[in-house]
Amino acid sequence: MSMKRSKNVPYRFYLSAEEMPKVWYNLRADMKEQPDPMLNPATLQPVTADDLAPVFCEELVKQELDSKTRYFEIPAAIQEFYRIYRPSPLIRAYNLEKALDTPAKIYYKFEGNNTSGSHKLNSAVAQVYYAKEQGLAGLTTETGAGQWGTALAEACAYFKLPLTVYMVKCSYEQKPFRRSVMHTFGAEVIPSPSTTTQAGRAILEKDPETGGSLGCAISEAVEKAVTTPGYRYVLGSVLNQVLLHQSIIGLEAKKAMEILDEYPDLIIGCAGGGSNLGGLIAPFMQDKLLGKASPRIIAVEPASCPSFTRGRYVYDFCDTGKITPLARMYTLGCQFVPSPNHAGGLRYHGMSPILSKLYHDGYMEAVAVEQTKVFEAAVFFAKHETILPAPESAHAIRTAIDEALKCKEAGEAKTILFGLTGTGYFDMTAYEAYLNGTMTDYIPTDEDLEKAFAQLPELSRV
Ligand SMILES: *Cc1c(COP(=O)(O)O)cnc(C)c1O
């Protein structure tokens with residue numbers, strides 16, 4: 001009874017409609033030790049559904065707090081939406097392999113084949129669906145590089161729900177066409193920090209010239225949601241619910257590899273807040289947790305915002321304005337403002353609590369890479385694979401190339417799977433800076449990091 005289709009792996013492999021996953025997988029159900037619970041910052045007690053209800057949709061709160069249910073059925077309306085742009089292809093990087101002259105087999109799961117240009121649509125559609133089901137009047141969110149805002153604007157247009165997006169100011173200025181896309185889908189876009197919230201005004205008072213940060217935009221979006229009747233806030237990464245929705249990436253990839261009679265020795269993904277990586281690795285990590293397989297798993301982050309590799313595993317706020325619950329995660333401190341590097345989607349001070357716990361317990365590794373090296377890999381990849389990658393995704397490409405070259409040196413034919421999270425058409429200023437040699441690598445000093453660590457919440461200071 002073999003499901004295997006052929007030993008000749010095509011460039012692009014797509015699951016059939018029948019083979020598409022009908023459930024999301026909740027990684028926490030198989031973790032022997034759970035991530036520490038989020039805390040209510042006022043009481044320092046684990047957050048309850050009641051604490052979260054004013055901020056998030058009911059159904060999403062349930063998903064957030066549920067560490068037991070292994071599989072969640074994907075509602076029919078979401079499956080329907082997924083069919084517009086999924087399955088995403090599992091691509092065999094034959095040309096990259098050839099160019100590197102490596103014995104490694106390289107696969108990547110490409111999530112950039114939709115108008116939002118990234119994997120973020122997988123969770124956006126789910127969150128908007130539940131908001132609509134609850135009869136909400138509208139949603140607020142933040143966006144860094146603009147991919148999440150775009151994905152959410154797309155989903156809100158589909159389900160006919162108003163949306164206000166706080167966009168990190170330096171991205172708002174660097175990527176004017178991202179805002180135009182959001183406007184086209186009907187969203188309101190406000191550069192953050194702004195004068196429309198108390199949190200924004202406070203940050204502007206301290207630093208009127210700031211280019212903003214994700215943490216700061218989150219504060220504004222949450223404040224706006226809780227002060228507007230019938231509104232809730234949605235977040236595109238970090239949270240357990242987002243990793244749950246993104247498990248569609250890994251479930252599809254694993255099924256496709258099964259059919260092709262493959263299994264990865266090495267899984268690589270970029271990590272901003274951890275949602276694409278958490279989604280991609282979910283079913284493989286399940287194998288690892290259950291002792292069925294032991295793929296190496298590598299998170300790749302920018303050297304300018306190194307949460308895993310140089311952060312602390314402590315309780316911290318998810319936002320700069322300190323109004324969100326406290327999460328125990330690898331963090332650079334919620335007051336850390338990364339240099340304006342070009343991978344906007346990776347400029348977040350914290351990391352998914354699920355991935356933080358798995359990293360802390362030794363189930364995965366992490367590396368930090370410099371942006372000029374990342375763009376070198378992006379350009380090389382584009383020329384050989386004919387896809388223009390997002391700067392965020394190119395972090396994973398960098399490490400996949402490095403690992404494939406190690407395979408060449410060692411004469412090992414390993415199977416590598418990496419996540420190609422999106423396309424980079426709105427990042428041409430960054431490509432141009434790389435190509436004309438003006439791109440620099442900013443790496444925070446230990447003193448820079450200490451400054452932000454010193455402002456961690458009291459319970460986390462050493
Ligand atoms: C947002 C984004 C990321 C990083 O976010 P995660 O939550 O860590 O996945 C990576 N790649 C692209 C293209 C993105 O838009």
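As the structure lists them, so they are numbered: ligands from 1, and atoms in each ligand from 1. Just the heavy atoms: all of them, side chains too, but no hydrogens, waters or symmetry mates, feed the values below.
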Between ligand 1 and the protein, which N/O pairs are shorter than 3.5 Å?
from: ligand 1; atom 1: 7 (O); to: Ser237; atom 2: OG; distance (Å): 2.5
from: ligand 1; atom 1: 7 (O); to: Ser275; atom 2: N; distance (Å): 2.9
from: ligand 1; atom 1: 7 (O); to: Ser275; atom 2: OG; distance (Å): 2.7
from: ligand 1; atom 1: 8 (O); to: Gly272; atom 2: N; distance (Å): 2.7
from: ligand 1; atom 1: 8 (O); to: Gly273; atom 2: N; distance (Å): 3.0
from: ligand 1; atom 1: 8 (O); to: Gly274; atom 2: N; distance (Å): 2.8
from: ligand 1; atom 1: 9 (O); to: His119; atom 2: NE2; distance (Å): 3.1
from: ligand 1; atom 1: 9 (O); to: Ser275; atom 2: OG; distance (Å): 3.3
from: ligand 1; atom 1: 9 (O); to: Asn276; atom 2: N; distance (Å): 2.8
from: ligand 1; atom 1: 9 (O); to: Asn276; atom 2: ND2; distance (Å): 2.7
from: ligand 1; atom 1: 11 (N); to: Thr421; atom 2: OG1; distance (Å): 2.7
from: ligand 1; atom 1: 15 (O); to: Lys120; atom 2: NZ; distance (Å): 2.6
from: ligand 1; atom 1: 15 (O); to: Gln147; atom 2: NE2; distance (Å): 3.3

Tell me the closest heavy-atom pair linking Cys216 and Pro193, and the distance in Å.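 Cys216 and Pro193 have their closest heavy atoms at SG-CB, 3.8 Å.
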With no hydrogens and no angle check, do the side chains of Tyr233 and Glu142 hold a donor and an acceptor under 3.5 Å apart? yes
Does any donor atom in the side chain of Asn26 or Thr69 lie under 3.5 Å from an acceptor atom in the other side chain? no
Criterion side-chain contact (heavy atoms from CB on, under 4.5 Å) against Tyr25, the qualifying member of Ile248, Leu244, Leu251: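 That would be Leu251; it is the only one of Ile248, Leu244, Leu251 passing the side-chain contact (heavy atoms from CB on, under 4.5 Å) with Tyr25.
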Given Phe317, which of Pro325, Cys334, Ser219 fulfils the side-chain contact (heavy atoms from CB on, under 4.5 Å) condition?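 The single option meeting the side-chain contact (heavy atoms from CB on, under 4.5 Å) with Phe317 is Cys334.
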Check Glu301 with Arg310, please: is the shortest side-chain N to carboxylate O separation under 4.0 Å? no
